[in-house]
Number of protein chains: 2
Amino acid sequence: MPKQASITIDKRIAELLKRNSLSITDSRKKILQLFLEQTGALAHGDIEKRAGEKFDRVTVYRTLQTFVDKGIVHTIPTADNSIRYALCKDECSEGHHHDHHVHFVCSTCNNTYCLDDVVTPEIKLPKGYSAEQVEVVVEGTCKNCNR
Amino acid sequence: MPKQASITIDKRIAELLKRNSLSITDSRKKILQLFLEQTGALAHGDIEKRAGEKFDRVTVYRTLQTFVDKGIVHTIPTADNSIRYALCKDECSEGHHHDHHVHFVCSTCNNTYCLDDVVTPEIKLPKGYSAEQVEVVVEGTCKNCNR
DNA sequence: TTTCTTTTGCAACTATGTTGCTTTTTTATA
DNA sequence: TATAAAAAAGCAACATAGTTGCAAAAGAAA
Ligand SMILES: [Mn+2]
Ligand SMILES: [Mn+2]
Ligand SMILES: [Zn+2]
Ligand SMILES: [Zn+2]
């Protein structure tokens, strides 16, 4: 990786942590780096594998929980019951996620993507039901795998 | 329970198993009964608690897996990463689920419902992506809890 | 009833997630 | 930059969830 790029990413990471009044620690930096170097979402298992050699499992759990609490990442429910995490857009903040986008799981490459431009549709519910949150997960074949 | 009703339910259970060429065993009968006596979906934990005193944990896992494979029940992904199971409509069959309905999780009573009449919407995906399955899970307050 | 097939229970194991407590690191401030 | 207070990390121990192989039991077929 060119030196310039890694400086930029390091700054971005430090800023992100400061903005959320989190202290800057090795594990937080490392895990954020994984997200920033990546297009799609990461399963907990991936993160543990890729950060866990250097950090304790418990630290990975606590770091991800902190990030979710602060609105830095959000979770994506999937059919196979393995939580995925993805970076939030900047509008998210502590206790206030704004993730009204659709998620896509590719059944070929198994990657998960946030389709930030695809807004979750209005769902007309039966009388008596009221909605707080709508989660849409589409399974199919992604851009790369369709070629 | 009136004797008549339980005869009916027993017959229904036996028929369901026969139709799917599954042998009729105590655990399968018991677990199907749980589903038939119930409006909403059941979490694995619930089933284990309510059937597990009589049956081994492993049997519960295997029975549910068999039911999913045969298209007797379907799974519902939820945000809290605890798989829920619900009975399929009759159109489902082995290797061929037809569950194009929306699921609803009540954040008050924590029940999960299949909204069989609410069809999953068409999602317009970005160029290159193709959909095979769309999962919609709405979180909110249910009919009962809204009163 | 007997035989063959399927399912169950058990034991042992892996994976996933949590908690309390001590040590280490980070931050704030003198 | 040294020091003290606060926060986070690591460790151990535990709890829960899910899987696998195999022998015993139950079900289906004849
Ligand atoms: Mn997302
Ligand atoms: Mn359903
Ligand atoms: Zn793909
Ligand atoms: Zn409710």
Side-chain angles (χ1 to χ4, degrees), chain A residues 10-11 13-34 41-70 72-73 75-85 94 110 112, chain B residues 10-11 13-34 41-70 72-73 75-85 94 110 112:
Chain A
D10 284 359
K11 272 204 169 172
I13 287 169
E15 241 176 30
L16 195 51
L17 291 172
K18 268 187 198 148
R19 177 151 31 102
N20 288 281
S21 33
L22 290 175
S23 41
I24 296 169
T25 68
D26 289 350
S27 70
R28 287 174 181 168
K29 282 192 284 188
K30 174 66 182 174
I31 291 176
L32 275 184
Q33 200 186 356
L34 292 179
L42 290 166
H44 183 101
D46 299 334
I47 300 166
E48 205 176 303
K49 257 176 237 130
R50 289 162 69 181
E53 287 174 23
K54 209 160 165 298
F55 304 103
D56 192 81
R57 276 174 4 97
V58 178
T59 301
V60 175
Y61 278 106
R62 292 200 266 226
T63 302
L64 287 168
Q65 189 53 57
T66 301
F67 287 172
V68 171
D69 291 346
K70 288 288 184 176
I72 297 172
V73 304
T75 57
I76 305 168
T78 57
D80 71 335
N81 214 34
S82 72
I83 307 183
R84 314 268 168 130
Y85 297 85
E94 190 160 359
N110 204 34
T112 302
Chain B
D10 285 358
K11 272 203 168 174
I13 288 170
E15 241 175 28
L16 196 50
L17 291 172
K18 269 188 197 148
R19 180 154 25 108
N20 288 282
S21 33
L22 289 175
S23 41
I24 296 170
T25 68
D26 289 350
S27 68
R28 286 174 182 166
K29 282 193 285 188
K30 174 67 184 173
I31 291 176
L32 274 184
Q33 201 186 355
L34 292 179
L42 291 166
H44 183 100
D46 299 334
I47 300 166
E48 206 176 300
K49 257 176 239 130
R50 289 163 68 182
E53 286 172 26
K54 209 160 165 298
F55 304 102
D56 193 81
R57 275 173 3 96
V58 180
T59 301
V60 175
Y61 279 107
R62 292 198 268 225
T63 302
L64 288 169
Q65 189 53 55
T66 302
F67 287 172
V68 171
D69 291 346
K70 289 288 185 178
I72 297 172
V73 305
T75 57
I76 304 168
T78 57
D80 71 336
N81 215 33
S82 73
I83 306 183
R84 314 269 168 130
Y85 297 84
E94 191 161 359
N110 205 33
T112 303

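Each chain gets a letter, A, B and so on, in the order the sequences are listed, and its residues count up from 1. Quick caveat, the model's predicted, so the values are computed rather than measured.
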Measure all distances between protein nitrogen or oxygen atoms and nitrogen or oxygen atoms of nucleotides 19-28 of chain D, and list the pairs falling under 3.5 Å.
unit_1 : atom_1 : unit_2  : atom_2 : d
D/dA28 : OP1    : B/Ile24 : N      : 3.0

* Asked: Which atom names give the shortest non-hydrogen contact between B/Asp26 and B/Lys54, and what distance separates them?
  -> OD2-NZ, 4.5 Å
* Do you know the tightest heavy-atom contact between A/Lys30 and A/Ala51? -> CG-CB, 4.1 Å
* To do: Between C/dG17, D/dG10, C/dG9, spot the one nearest the side chain of B/Thr59, thanks.
  => C/dG9
* **Distance (rounded to the nearest 0.5 Å) between B/Glu15 CD and B/Ile24 CD1** => 10.0 Å
* To do: For B/His44 and B/Tyr61, run side-chain contact (heavy atoms from CB on, under 4.5 Å): C-alpha distance rounded to whole Å, both residues' side-chain angles, the deciding distance at 0.1 Å, then the answer.
  => CA-CA 8 Å; B/His44 183 100; B/Tyr61 279 107; 3.3 Å; yes
* Determine to 10° how strongly the helix from C/dT1-D/dA30 to C/dA30-D/dT1 is bent, judged from the axes of its five-pair ends. => 40°
* Asked: Between B/Arg62 and B/Ser27, is a side-chain contact (heavy atoms from CB on, under 4.5 Å) present by the stated rule, with each step listed?
  -> CA-CA 10 Å; B/Arg62 292 198 268 225; B/Ser27 68; over 6 Å; no
* Taking all heavy atoms of A/Ile76 and all of A/Ala41, pick out the closest pair and write down the distance. => CD1-CB, 3.7 Å
* To do: Evaluate the side-chain contact (heavy atoms from CB on, under 4.5 Å) criterion for residues B/Ile72 and B/Tyr85: first the C-alpha distance (whole Å), next the side-chain angles of each, then the deciding distance (0.1 Å), finally the verdict.
  => CA-CA 10 Å; B/Ile72 297 172; B/Tyr85 297 84; over 6 Å; no
* Structure fact -> Heavy-atom closest pair (A/Ser21 atom, A/Lys70 atom, distance to 0.1 Å) is OG-NZ, 4.0 Å
* To do: Starting from P on D/dT16, measure out to CD on B/Glu48 and report it in whole angstrom.
  => 11 Å
* To do: Quickly work out the A/Phe67 CZ to D/dA8 P distance and round it to whole Å.
  => 11 Å
* Distance in angstrom units between A/His44 NE2 and D/dA17 P, rounded -> 16 Å
* **Whole angstrom value for the distance that separates P of D/dA7 from NZ of A/Lys18** => 18 Å
Each nucleotide N or O in nucleotides 1-3 of chain C that has a protein N or O under 3.5 Å away: list the pair and distance.
none

* Asked: Whole Å only: how far is the NZ atom of A/Lys30 from the P atom of D/dG10?
  -> 14 Å
* Roughly how many Å is it from NZ in B/Lys49 to P in D/dT16, rounded to a whole number? -> 10 Å
* Asked: Do you know which two heavy atoms are closest between A/Arg84 and A/Asn110, and how far apart they sit?
  -> NH1-O, 3.1 Å
* To do: Grab the CG-C1' distance between A/Leu64 and D/dA9 for me, whole Å please.
  => 15 Å
* To do: Identify the heavy atoms of A/Glu53 and A/Lys49 that sit nearest to each other, and give their distance.
  => OE2-O, 4.0 Å
* Would you mind telling me which residue lines up with the more 5' stretch of DNA chain C, B/Lys54 or A/Gly45, judged by nearest nucleotide? => B/Lys54
* Report which part of the nucleic acid B/Ser27 touches: base, sugar-phosphate, or nothing (heavy-atom distance under 4.0 Å, all strands). => sugar-phosphate
* Ignoring hydrogens and geometry, is there a side-chain-to-backbone donor-acceptor pair from A/Asp46 to A/Ala43 under 3.5 Å? -> yes
* Asked: A/Asp69 has an atom CG; how far is it from atom P of D/dA7, in whole Å?
  -> 15 Å
